[in-house]
Amino acid sequence: MNSNAQKPDPKFELYILAGQSNMAGRGYITDDVKNEGNDKVYMLTKDSTWVLAKHPVHFDKLTAGVGPGLSFGIAMTNANPNIKIGLIPCAVGGTPIEHWLPGAYDAATKTHPYDDAEKRIKFAMQFGVIKGIIWHQGESNATPENAKVYLAQLTELIGRLRSLANNPRLPFVAGELGRYRPEYVYINTELAKLPATVPFTALVTSEDLVHRGDTLHFNSPSAQILGRRYAVKMLQLQEGKK
């Protein structure tokens with residue numbers, strides 16, 4: 001795809017992928033998934049070039065692998081063959097939600113997660129139209145104390161991203177943390193309140209999804225299932241359904 005910006009293409013539908021490592025993807029890239037893709041699904045590379053999407057979509061760490069982004073994009077274009085999908089990878093592994101504030105610095109990756117995402121989103125908007133956000137984060141905030149303020153922090157972030165995209169009704173879909181660690185229930189309990197708290201939001205379940213052996217990261221099949229679940233909820237929000 002030509003990255004020389006002209007007028008945004010209304011049929012190039014852009015999606016922000018944000019959060020921490022399970023959005024970035026840590027599933028192993030095996031032979032059966034390494035060539036996965038679709039000729040209508042693109043991703044924005046680290047050097048701000050649009051290329052056909054493939055694993056890994058993200059580049060936050062050398063361990064980036066299979067996440068939910070690509071299967072989400074494929075499902076979205078399958079639902080509407082007349083469009084192209086552009087994935088804007090913004091997730092940064094290990095980041096607590098506090099690092100998703102303007103100016104916040106993540107020392108582990110030497111990045112500014114929110115500021116970097118803002119730059120990428122503004123660049124991408126030259127080419128297409130932001131149609132939604134998918135979010136997976138919370139492992140780094142999974143304590144009773146942190147969970148108490150998590151929903152308020154997430155609500156603020158959603159508002160900030162919607163303002164950036166110039167769309168107060170921009171669909172936002174969050175994902176449950178894996179159900180394989182007991183402490184993740186603290187964040188999942190707060191995420192369950194999101195759809196009733198913030199308009200035009202939805203939550204995808206992590207039921208039956210499994211980790212790759214580290215009780216932290218979804219394995220590749222689970223990450224791909226999660227991506228398709230994101231697409232179902234995104235389409236429902238876009239159609240005005242819950």
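L52 and L17 fall within the same hydrophobic cluster, where Ile, Leu, Val, Met, Phe, Trp and Tyr residues are linked whenever their side-chain heavy atoms come under 4.5 Å apart, directly or through other members. Linking Ile, Leu, Val, Met, Phe, Trp and Tyr residues whenever their side-chain heavy atoms come within less than 4.5 Å leaves F200 and V129 in two separate clusters. Residues L151 and L161 are members of one and the same hydrophobic cluster, defined by side-chain heavy-atom contacts under 4.5 angstrom among Ile, Leu, Val, Met, Phe, Trp and Tyr.
In this structure, the side chain of Q20 engages the main chain of S140 through a donor-acceptor pair within 3.5 Å. In this structure, N22 contributes its side chain and G67 its backbone to no donor-acceptor pair below 3.5 Å.
Using a 4.5 Å cut-off on side-chain heavy atoms (C-beta onward), P102 and D115 make contact. Here the side chains of I130 and Y15 are not in contact, with every heavy-atom distance at 4.5 Å or above.
Looking at H217, R26, Q137 one by one, the single match for side-chain hydrogen bond (donor to acceptor under 3.5 Å, both in side chains) with S21 turns out to be H217.
Partners of N219 by side-chain contact (heavy atoms from CB on, under 4.5 Å), not counting sequence neighbours, listed by chain and number: V210, R212, P221, S222.
With respect to the salt-bridge test (charged N to carboxylate O, under 4.0 angstrom), the residues E145 and K148 do not qualify.
We find the CD-CG distance between E183 and L177 to be 9.5 Å, quoted to the nearest 0.5 Å.
A tilted orientation is assigned to the rings of Y105 and H112, their planes being inclined by 30° to 60°.
For R228 and S71, the side-chain atoms include no donor-acceptor pair closer than 3.5 Å.
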